[in-house]
Amino acid sequence: MKPEIREILLTSIEENYKGSDLEFDISRTKIKSHGNWSTNVALILAKALKQKPLIIAEKLVNSFAKKEWLEKVEIAGPGFINFFLTEEAQSHFLKNFFNDDLSFFKNEAPKKVLIEYVSSNPTGPIHIGHGRGAAFGSALANLLRFAGDEVIEEYYINDRGLQTDILALSVFLRYQELFKVNVIFPEECYQGEYIKECAFLAKEKFLDKFLDKKNLKIFNHSNPSDLIKEIYTAFPKFNEFVDFCVESQMQKIKTDLSKFQVHHNNWVSEKELYKESTNENFFEKVINTLKNNKFTYFQDEALWFKSKEFNDEKDRVLIRNNQDPTYFASDIAYHKFKFDRDFDQLINIWGADHHGYIPRLNGALEALELDSKKLKTLIIQFVSLIRSGKNVSMSTRKGEFITLNELIDEVGVEATRFFFLARKSDQALEFDIDLAKKEDKNNPVYYIQYAHARICSLEKEAKKRKFIINQDNGLNNLSLITKGDELEIINDIERFQDVLVQCKKDLEIHPLCFYLREVASKFHSYYNSNKFIEEDMNLRDAKFTLVFALKKVFQQGLEILSIDAPEKM
RNA sequence: CUCUCGGUAGCUCAGCUGGAUAGAGCAUCUGCCUUCUAAGCAGAGGGUCGCAGGUUCGAAUCCUGCCCGGGAGGCCA
């Protein structure tokens with residue numbers, strides 16, 4: 001409807017004021033008495049023409065072309081022009097809605113998009129913070145795919161460096177314990193039970209291959225990195241042990257994610273970036289480019305990147321004085337690798353604790369002469385858990401964190417996903433466990449699902465009574481029901497496209513959640529005050545057709561959220 | 001100290017590329033099941049949009065200052 005209204009306006013403006021390319025809004029109204037659509041064009045023109053908006057509005061309206069879909073036009077308030085559509089026009093779009101599968105949404109040229117998300121370190125199970133990013137990333141991928149884009153969901157594995165070594169060390173020590181070796185378990189090591197489980201598996205795989213038979217004094221070090229060095233010396237093949245630990249953690253992570261309806265289709269290993277190819281490894285190549293472009297310098301035996309030249313508050317180290325590359329340096333190489341794969345758009349989904357990294361990473365991309373505007377880094381804020389009205393304290397250090405797996409075991413995948421997605425992602429989220437577990441209208445997930453189930457149940461009941469619903473006949477008889485609430489529902493169904501377009505534009509999911517909740521509410525209300533299995537065939541078909549359109553909205557909306565739309569509850 | 005995100009109903013939050021009377025849900029109160037799912041519906045009360053200025057026809061929304069709260073600022077990741 002919007003393009004049609006715009007056309008009328010533009011013609012009228014052209015006629016009265018000679019066209020000028022000005023920007024104005026055409027929006028749905030919030031209040032019935034304002035009609036269906038409204039524009040502020042007269043208010044905008046008033047500024048440029050230095051005339052009273054009401055006079056401009058009147059002039060415009062007087063030269064509007066007559067349209068059969070336009071019931072009437074009114075001027076209101078300071079100079080808004082309100083459009084009232086005929087009932088036919090309002091219900092007209094329903095006809096397309098059943099046929100064209102939201103083609104409005106797929107019109108733009110499809111893009112190749114890379115979404116990197118979760119990418120948590122394979123040093124332990126994923127916790128609820130990662131879970132939020134996981135839900136968001138997967139829903140965003142669904143949304144973009146729904147719009148016709150080609151989407152790759154990628155997970156970047158930090159499988160080298162200090163944290164990886166500490167993981168291996170932690171498992172290694174627990175492994176020794178399984179052979180009744182007395183060890184001192186340093187504070188810096190990972191404390192969780194999962195380390196012991198991993199050690200158990202390591203013992204099954206390696207037997208006593210990494211047992212300290214020579215009784216090395218490797219456990220007397222207070223510093224874990226020294227300890228690790230000793231172990232590497234004592235066991236030349238220790239890298240096999242490291243790989244096993246990482247692999248084992250990644251397996252668990254993949255299992256948890258998959259249970260949570262999160263399915264990456266590509267994994268990139270940090271370690272691979274350092275692999276020798278012809279004569280140089282990829283990582284070195286990227287760092288050399290930075291060097292050649294004169295954005296690096298040596299100081300204190302370390303290699304620095306001049307990020308200050310890119311609005312970062314200070315320069316950053318790339319290679320430490322012990323020759324170890326920093327996380328940041330690896331990340332530059334990884335992002336270069338992303339750009340090399342020719343995507344139209346790159347999306348990073350990061351935890352809020354990384355937000356300080358954005359300027360320096362963008363700086364590095366520019367230093368590599370890459371178009372940093374292609375990359376959009378979205379920030380996911382923290383999640384805190386509330387149980388019985390009280391904050392559940394979590395501490396990673398003490399191993400007291402709640403894992404994603406524990407949470408979904410307790411409240412279920414559906415509710416967890418919805419609660420993660422229903423809040424604007426860059427805002428901190430308070431996750432109320434008690435609320436998420438409720439199975440009544442307090443819980444928006446059930447409320448929405450129930451709306452869908454009710455429609456299915458109507459369908460079943462109709463079938464039981466041997467009524468066959470004819471959708472085409474329903475569409476032709478919509479005028480029988482476009483008198484009151486129905487018009488509002490039709491309007492809401494039409495709004496589905498606005499919501500999806502907005503979500504895609506802003507890379508947000510929560511508007512969809514709010515929308516579904518709203519539409520469900522409208523449906524329940526309608527359901528309560530109406531009979532559906534009418535004796536009159538035309539009326540029955542019309543009502544069912546309307547309700548089937550709603551069903552389609554629920555199905556598609558929930559599908560984007562990767563939440564079930566059950567037929568029975 | 002610097003950066004960043006917030007402060008909207010008792011609570012949890014939408015709205016923020018300026019628009020008409022600021023919205024939901026929960027909680028509270030009052031009603032509705034002999035009917036195709038009451039896992040539901042109808043109704044009511046509840047607001048200095050943190051404070052103060054500014055920009056203009058018009059500000060919760062934009063700008064400035066201040067107050068309060070979360071988070072981030074490593075040769076950790």
Side-chain angles (χ1 to χ4, degrees), chain A residues 23 25 27 29-31 33-34 38-40 42-44 46-47 52-54 76-80 82 119-121 123 158 161-164 166 188 270 299-304 312-314 316-331 351-359 379 381-382 384 386 389 419 422-424 426-432 435 438-447 449-451 453-462 464-465 467 505-506 510-511 513-515 517-518 520-521 523-534 568-569:
Chain A
E23 283 185 24
D25 288 334
S27 53
T29 56
K30 292 171 192 159
I31 307 169
S33 61
H34 293 161
S38 171
T39 180
N40 63 348
L43 297 159
I44 302 287
K47 202 167 280 178
K52 289 198 171 159
L54 283 170
F80 292 101
N82 297 331
S119 297
S120 73
N121 283 343
T123 53
N158 294 112
L162 186 61
Q163 296 306 315
T164 306
I166 289 181
E188 294 89 337
E270 180 185 0
Q299 189 185 307
D300 304 329
E301 293 169 62
L303 180 70
W304 294 72
D312 198 3
E313 46 189 28
K314 55 182 281 197
R316 309 288 172 174
V317 170
L318 294 169
I319 313 282
R320 302 186 185 102
N321 57 15
N322 66 3
Q323 298 317 303
D324 230 25
T326 59
Y327 170 87
F328 174 50
S330 284
D331 230 23
D353 50 339
H354 285 69
H355 94 266
Y357 265 69
I358 298 174
I379 290 302
Q381 281 289 352
F382 292 105
S384 52
I386 308 287
F419 275 68
R423 179 87 161 103
K424 200 158 66 180
D426 62 352
Q427 298 302 328
L429 169 70
E430 282 191 8
F431 192 110
D432 186 331
L435 177 60
K438 278 188 185 161
E439 298 198 352
D440 55 32
K441 68 171 217 159
N442 292 336
N443 188 334
V445 194
Y446 286 91
Y447 188 79
Q449 289 180 319
Y450 184 43
R454 266 183 156 174
I455 295 171
C456 295
S457 156
L458 283 177
E459 206 177 340
K460 220 174 292 163
E461 186 63 26
K464 210 167 90 189
R465 300 191 194 182
F467 287 129
K505 180 176 134 281
D506 299 335
H510 71 279
C513 298
F514 278 90
Y515 167 79
R517 176 69 179 69
E518 239 170 82
S521 165
F523 166 74
H524 285 305
S525 171
Y526 181 57
Y527 177 91
N528 258 267
S529 56
N530 268 278
K531 264 173 70 183
F532 293 85
I533 304 180
E534 302 271 4
K568 208 171 75 179
M569 290 178 77

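Letters go in sequence order (proteins before strands), and every chain restarts at 1.
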K.L.:
Which part of the nucleic acid does A:Ser457 contact within heavy-atom distance under 4.0 Å: base, sugar-phosphate only, or nothing?
P.N.:
base
K.L.:
Taking CG from A:Leu435 and P from B:U12, how many angstroms apart are they, rounded to a whole number?
P.N.:
13 Å
K.L.:
Pick base, sugar-phosphate or nothing for A:Asn40, based on heavy-atom distances below 4.0 Å to the nucleic acid.
P.N.:
base
K.L.:
Please give the nucleotide sitting opposite B:U64 as a Watson-Crick or G-U wobble pair, both distances under 3.5 Å, or none.
P.N.:
B:A52
K.L.:
Determine the contact category for A:Asn82: base if any of its heavy atoms lies under 4.0 Å from a base atom, sugar-phosphate if only primed atoms, P, OP1 or OP2 are that close, otherwise nothing.
P.N.:
base
K.L.:
Using a cut-off of 4.0 Å on non-hydrogen atoms, how would the nucleic acid contact of A:Phe514 be classed: base, sugar-phosphate, or nothing?
P.N.:
sugar-phosphate
K.L.:
Could you check whether A:His524 gets within reach of a base, just the sugar-phosphate, or nothing at all, counting any heavy atom under 4.0 Å?
P.N.:
sugar-phosphate
K.L.:
Please state whether the rings of A:Phe431 and A:Phe419 are parallel, tilted or perpendicular, taking 30° and 60° as the class boundaries.
P.N.:
tilted
K.L.:
Which part of the nucleic acid does A:Asn321 contact within heavy-atom distance under 4.0 Å: base, sugar-phosphate only, or nothing?
P.N.:
base
K.L.:
Report yes or no: is there a donor-acceptor pair, N or O only, under 3.5 Å between the side chain of A:Ser38 and the base of B:A20?
P.N.:
yes
K.L.:
My understanding is that a pair needs two contacts under 3.5 Å, Watson-Crick or G-U wobble. By that rule, which nucleotide pairs with B:U2?
P.N.:
B:A72
K.L.:
Would you say the ring centroid of A:Tyr527 lies under 6.0 angstrom from that of A:Phe523?
P.N.:
yes
K.L.:
Tell me whether the OP1 or OP2 atom of B:A77 has a side-chain N or O from A:Arg320 closer than 4.0 Å.
P.N.:
yes
K.L.:
Only pairs with both distances under 3.5 Å count, Watson-Crick or wobble alike; so what is the partner of B:A59 in this structure?
P.N.:
none
K.L.:
Classify A:Lys30 by what it touches in the nucleic acid, base, sugar-phosphate, or nothing, heavy-atom distance under 4.0 Å.
P.N.:
sugar-phosphate
K.L.:
Take the protein atom CD1 of A:Ile533 and the nucleotide atom P of B:U35, then report the distance between them rounded to whole Å.
P.N.:
14 Å
K.L.:
Who is the Watson-Crick or G-U wobble partner of B:U17, with both distances under 3.5 Å?
P.N.:
none
K.L.:
Does B:C33 fall in syn (glycosidic angle within 90° of 0) or anti?
P.N.:
syn
K.L.:
Taking the inter-plane angle between the rings of A:His510 and A:Phe514 on a 0 to 90° scale, is it parallel (under 30°), tilted (30 to 60°) or perpendicular (over 60°)?
P.N.:
perpendicular
K.L.:
Is there a Watson-Crick or G-U wobble partner for B:C41 with both distances under 3.5 Å, and which nucleotide is it?
P.N.:
B:G31
K.L.:
When we call it a touch if two heavy atoms are under 4.0 Å apart, what does A:Glu301 touch: a base, just sugar-phosphate, or nothing?
P.N.:
nothing
K.L.:
What does A:Tyr527 touch in the nucleic acid at a heavy-atom separation under 4.0 angstrom: a base, only the sugar-phosphate, or nothing?
P.N.:
base
K.L.:
With nearest nucleotide decided by heavy atoms, which residue, A:Ala422 or A:His354, maps closer to the 5′ end of RNA chain B?
P.N.:
A:Ala422
K.L.:
Would you classify A:Gln427 as touching base, sugar-phosphate or nothing, given that sugar-phosphate means primed atoms plus P, OP1 and OP2, and contacts are heavy atoms under 4.0 Å?
P.N.:
sugar-phosphate
K.L.:
A:Lys460 side chain N/O closer than 4.0 Å to the phosphate oxygens (OP1, OP2) of B:U37?
P.N.:
no
K.L.:
Heavy atoms only, 4.0 Å cut-off, all strands: where does A:Leu43 land among base, sugar-phosphate and nothing?
P.N.:
base
K.L.:
Does the side chain of A:Gln163 come under 3.5 Å of the side chain of A:Thr123 through a donor N or O and an acceptor N or O?
P.N.:
no
K.L.:
In whole angstrom, what separates A:Glu518's CD from B:C13's P?
P.N.:
19 Å
K.L.:
Between the base of B:A72 and the side chain of A:Tyr357, is there any donor-acceptor pair under 3.5 Å?
P.N.:
no
K.L.:
Looking only at atom P, what distance separates B:C16 and B:U35, rounded to whole Å?
P.N.:
44 Å
K.L.:
Heavy atoms only, 4.0 Å cut-off, all strands: where does A:Asp300 land among base, sugar-phosphate and nothing?
P.N.:
base
